[in-house]
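Reminder, nothing fancy here: chain letters follow the sequence lines and each chain counts from 1. As the structure is a computational prediction, the values presented were derived from the model and not from experiment.
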Amino acid sequence: MPFSDEALTRLRADAADIIGRYPRARSALLPLLHLVQSEEGYVSEDGMKFCAELLGCTQTEVAGVASFYTMYKDSPAGEYQVGVCTNTLCAIMGGDQIYAALTEHLGVDPHGDEHHAFVSADGKVGLERVECNAACDYAPVIMVNWEFFDNMTPDSARELVDDLRAGRKVTPPRGPGRLCTWKEASRILAGFGDGQAADGPSAGPASLVGLELAKANGWTAPAAGAK
Amino acid sequence: MTGTAPLTPVLTAHWDEPDSFTLAGYERTGGYQGLRKALAMSPDDVIATVKASVLRGRGGAGFPTGVKWSFIPQGDGKPHYLTVNADESEPGTCKDVPLMMATPHTLLEGAIITCYAIRAGHAFIYVRGEALQAVRRLQLAVAQAYEAGYLGKNILGSGFDLDVVVHAGAGAYICGEETALLTSLEGYRGLPRNRPPFPAVEGLYACPTVINNVESISSVPSIMTGGADWFAGMGTDKSKGYGIFSLSGHVSKPGQYEAPLGITLRELLDLAGGVRGGRRLKFWTPGGSSTPLLTDAHLDVPLDFESIGAAGSMLGTRALQIFDETTCVLRAALRWTEFYQHESCGKCTPCREGSYWLVRTLDRLEHGKGTEADLETVLDVGDNIIGRAFCALGDAVPVPISSAIKYFRDEIVQHQKEGGCPFDPAASTAWAGRK
Amino acid sequence: MTAVFLETPRRLVEVTIDGETVRVPEGATLLEACRQQGIDTPTLCYLENLTPVNVCRVCVVEVEGSRTLVPACSRKAEPGMTVHTDSERVRTSRKMVLEFLASSADLSLASPQVRGWISRYGVDPARYGPPAPEHEAGERDAARPGEHHAADGETAATVQQPVKYDNDSYVRDYSRCILCYKCVEACGPDAQNTFAIAVAGRGFDARISTEFDVTLPDSACVYCGNCIGVCPTGALMPASEYAMRQAGTWDESRQTVTTTICPYCGVGCNLELHVQDNRIVKVTSPLEHDVGHGHLCVKGRFGFEFVQGRARES
């Protein structure tokens with residue numbers, strides 16, 4: 001659906017802000033695609049046309065870029081997009097079982113064509129496999145709208161999905177108190193913060209094991225200036 | 001090194017403080033003192049100091065950071081750029097994201113010092129889009145730094161101007177490759193570029209550009225305050241300083257352990273409570289999936305660039321993924337190969353076609369339908385992908401399976417004899433044996 | 001006429017290729033140096049009138065001191081370089097590249113030169129297994145970036161798919177596409193500046209695409225046909241040639257090629273008229289001609305029917 005006049009005015013103002021960050025306008029394409037995704041929940045043809053017009057390139061070029069990156073969806077994503085890490089370490093630690101449990105729980109055929117872009121009928125939950133997201137010390141990991149959910153099991157994964165579908169409050173252990181929606185997350189990636197940066201812990205437990213051990217033993221780096 | 005404690009928290013030293021990610025929290029623990037010191041020096045002296053520290057790139061390749069900076073031509077009349085590679089996505093690697101969540105100002109301070117040294121007026125932090133909280137914390141840190149006068153015009157009265165942009169990626173492992181990162185940052189498909197010309201000569205917008213990993217840049221403030229000798233006093237002969245070692249997988253206490261380079265996996269495993277449940281270490285990666293597997297025969301190899309290289313692997317990102325005897329090495333290798341297939345940009349033939357073909361063949365082997373001849377073809381084709389592809393992603397494609405065959409050939413052949421995988425995937429899960 | 005040097009003559013650089021000392025002008029590529037020596041170096045994605053993209057990797061040579069093999073088409077000759085063009089590494093590498101491409105794409109219409117390399121390097125695409133079944137129409141175009149495909153270990157992956165025939169000027173048969181990027185370059189910065197086609201998707205799913213995969217008439221295509229002119233495998237073909245091939249009447253042994261100047265405007269592009277049975281069946285443009293450099297516009301490339309019309313009247 002083409003953008004409304006209201007949306008266009010708003011998006012153009014945001015886009016001008018984004019383009020202004022870069023020495024060359026074309027550099028703004030990735031954040032612009034995040035921006036149009038924040039409007040519609042996916043990168044639509046209208047979204048790509050919007051980017052092409054602003055940057056003075058063809059729609060073919062924009063589509064070529066959008067189809068290169070996995071975070072841009074070509075159909076509406078779930079309000080909460082659940083990504084199960086099935087890269088080697090998470091898979092072996094149970095990610096494969098978690099993904100299997102969620103496909104069964106949500107009624108997705110894990111071998112069918114649709115499983116790449118599954119979204120529940122109510123639009124609440126999307127499911128996908130994701131690659132390593134730099135949280136291996138918390139394996140197996142699930143991401144919801146790019147927030148970490150650590151040390152998952154099939155049971156905790158099912159519970160998480162049920163909570164998301166029922167609209168119950170879900171708090172990412174290393175993220176802010178309020179889990180933002182897919183569209184809100186996309187807007188943050190376009191460079192517009194949601195005011196939640198200061199919420200949540202500095203670090204999770206696994207990030208601190210070495211530091212805690214060092215402190216318990218009085219181990220430190222040599223004093224500055226010492227050789 | 002004698003006299004140095006087994007663990008030496010520097011980058012991680014304040015991660016346990018609830019406000020470590022704020023400007024106030026960072027300044028309270030000595031933040032931005034390195035920048036003040038650097039601004040009182042000449043840019044060339046800053047480069048000389050980092051050179052003298054022998055800091056080597058923490059993103060995997062280990063190229064000396066100060067030397068890289070010195071390649072930037074000076075007085076060329078072109079804008080210079082710094083691009084921070086914060087696109088952490090090498091499987092197993094999980095140090096930069098927690099760093100950016102806990103102490104984004106460390107990275108920012110390092111970036112400002114780097115830009116001052118290489119005379120850059122614009123820096124970009126290309127951060128993984130899939131790490132939302134890290135993106136938020138970087139955005140907050142940049143805003144606070146502008147407010148406090150650490151960024152913008154005339155930083156701390158030095159006359160030096162700098163703008164920093166936080167740029168979120170969109171899901172492509174290849175963008176961790178430095179030239180692909182630049183292409184992506186310019187708004188294109190993340191395809192690698194030919195080298196030469198190297199980014200120091202023709203990088204972002206064909207201008208001289210330094211690209212450094214998050215941990216490399218974050219190490220710079222401590223080198224400024226502690227001094228080059230202090231930094232070089234840690235570590236081994238040619239691999240100086242400290243680094244974050246990330247233990248994951250079948251280990252009792254997975255997590256981040258900051259130690260001088262040269263610590264061994266045996267020492268780290270001791271600190272981390274050993275392999276879970278007292279089981280035996282089967283195989284591990286020293287630095288992510290692109291570094292050849294090692295086994296329990298390599299427990300005492302010092303984790304530095306030279307020793308790990310001599311042992312037939314690479315130090316990489318110190319992403320120590322630990323797998324115990326419940327793990328099927330073929331399943332692991334197949335999944336990593338699928339990852340490379342998934343992430344191949346498709347630009348060059350060996351990687352695009354080779355990764356796809358390799359996955360199919362490994363799938364056949366994993367399902368017990370492979371043959372000895374398949375193993376030979378895998379090794380032959382693998383040899384011919386390495387060094388023929390456009391970039392290092394292609395070089396990495398055959399690494400997991402080639403090293404798996406090297407150490408576990410019998411186990412792979414066993415799949416064929418038994419008509420399938422002899423391992424129970426339930427036994428390797430995090431919850432196996434619990435309840 | 002006296003020759004006038006408009007620029008300083010280039011310095012010569014000395015390199016060793018296969019044991020022979022070769023002197024080439026500074027800035028020359030290893031490919032140019034090899035050609036100067038008469039060494040036949042295979043190329044697929046390289047063309048004199050396009051910027052090298054070095055994607056096919058078939059031209060790789062061994063340079064002493066370099067861990068990786070280097071693409072001859074873009075690597076400049078440096079003083080003292082020692083180059084091997086026919087070492088074991090080079091031969092196996094070229095064999096593998098050609099083998100991969102021949103296993104996934106249909107190279108039967110590639111030039112005799114390409115088929116010569118396939119035989120010279122002992123290419124055996126069958127060792128990758130029997131080809132997978134053809135894709136359905138649109139299936140490859142719909143692939144999302146990095147989809148987690150279920151692998152089929154029993155067959156070799158291919159790009160086989162139905163032909164795209166959606167306009168009167170030319171046909172796109174992507175079963176023959178080796179993703180050399182030449183058409184994209186010709187459509188974009190290297191010739192036409194239209195940017196009607198681009199590479200979409202990634203990895204093995206990467207393909208040449210119009211915006212949102214619309215048909216050519218609905219796309220930004222201006223039918224200059226410069227993409228056809230550069231295609232090395234027959235994936236892009238004039239409709240006239242395609243129709244004759246389908247009818248079994250295309251016969252290059254009965255064709256003559258006549259060079260003339262395009263009658264349409266004052267630019268003066270050279271045309272090569274391919275004539276079979278006294279009818280123009282295809283128009284190409286010579287690479288080495290200073291005006292067109294192998295490129296044409298829609299009129300020059302496709303506007304020849306009027307000639308045959310007049311022939312019929314007389």
Practice problem: Heavy atoms only, distances under 4.5 angstrom: which of B:Gly171, B:Pro350, B:Ser355 has the most pairs with chain C? Name it, please. | Solution: B:Pro350

Quiz item: Pick from B:Arg352, B:Arg364, B:Arg193: which one has the most heavy-atom pairs with chain C under 4.5 Å?
Solution: B:Arg352

Quiz item: With a 3.5 Å cut-off and no angle check, do the side chains of B:Glu306 and B:Ser239 form a donor-acceptor pair?
Solution: yes

Quiz item: Is it the side chain or the backbone of B:Asp380 that comes within 4.5 Å of chain C heavy atoms, both, or neither?
Solution: side chain

Quiz item: For C:Ser108 and C:Arg115, which heavy atoms make the closest approach, and how far apart are they?
Solution: O-NE, 4.0 Å

Self-check item: Contact class of C:Leu44 relative to chain B, heavy atoms under 4.5 angstrom
Solution: neither

Quiz item: Between C:Gly201, C:Ala206, C:Pro71, C:Ala198, which shows the greatest number of heavy-atom pairs under 4.5 Å with chain B?
Solution: C:Gly201

Practice problem: Measure distances from C:Val70 to the heavy atoms of chain B and classify the residue's part below 4.5 Å as side chain, backbone, both or neither. | Solution: neither

Quiz prompt | Lys/Arg cation over aromatic C:Tyr174: C:Arg207, 6.0 Å, 45° cone | solution = no

Quiz prompt | Which portion of B:Asp383 sits near chain C, non-hydrogen atoms under 4.5 angstrom | solution = neither

Self-check item: Side chain / backbone / both / neither for C:Arg75 at chain B, heavy atoms under 4.5 Å
Solution: side chain

Quiz item: CD of C:Glu48: more than 12 outside heavy atoms within 6.0 angstrom?
Solution: yes

Practice problem: Sort B:Ala389 into side chain, backbone, both or neither according to what part of it lies under 4.5 angstrom from a heavy atom of chain C. | Solution: backbone

Self-check item: Option in B:Ile174, B:Leu365, B:Asp395 with maximal non-hydrogen atom pairs under 4.5 Å from chain C
Solution: B:Asp395

Quiz item: Below 4.0 angstrom, N of the basic side chain to O of the carboxylate: do B:Glu338 and B:Arg335 qualify?
Solution: yes

Quiz item: Looking only at heavy atoms, what is the nearest atom pair of B:Cys345 and B:Gly190, with distance?
Solution: CB-O, 4.2 Å

Practice problem: Go through the side-chain N and O atoms of B:Tyr340 and B:Ser290 and say whether any donor and acceptor fall under 3.5 Å apart. | Solution: yes

Exercise. Counting only heavy atoms closer than 4.5 Å, note whether B:Ile385 contacts chain C via side chain, backbone, both or neither.
Key: both

Exercise. Determine whether the side chains of C:Ser175 and C:Asp106 contain a donor N or O and an acceptor N or O closer than 3.5 Å.
Key: no

Exercise. Please state whether the side chain, the backbone, both or neither of C:Ala105 comes within less than 4.5 Å of a heavy atom of chain B.
Key: neither

Self-check item: Part of B:Arg189 lying under 4.5 Å from any heavy atom of chain C
Solution: side chain

Quiz prompt | Note: C:Arg176-C:Asp173 ion pair, threshold 4.0 Å (strictly below) | solution = yes

Practice problem: Identify the two heavy atoms, one from C:Cys73 and one from C:Pro52, that lie closest to each other, and give their separation to 0.1 Å. | Solution: O-CG, 4.0 Å

Quiz item: Parallel, tilted or perpendicular for B:Phe63 and B:Phe71, by the 30°/60° rule?
Solution: tilted

Quiz item: Does any heavy atom of chain C fall under 4.5 Å from the side chain of B:Tyr356, the backbone, both, or neither of them?
Solution: side chain

Quiz item: Among C:Val199, C:Val97, C:Val60, C:Ile178, which residue forms the greatest number of heavy-atom pairs with chain B at distances under 4.5 Å?
Solution: C:Val199

Practice problem: Counting only heavy atoms closer than 4.5 Å, note whether C:Ser66 contacts chain B via side chain, backbone, both or neither. | Solution: neither

Self-check item: Heavy-atom contact with chain B under 4.5 Å, split by part of C:Ala156
Solution: backbone

Quiz item: Checking heavy atoms, do the side chain of C:Ser74, its backbone, both or neither come under 4.5 Å from chain B?
Solution: side chain

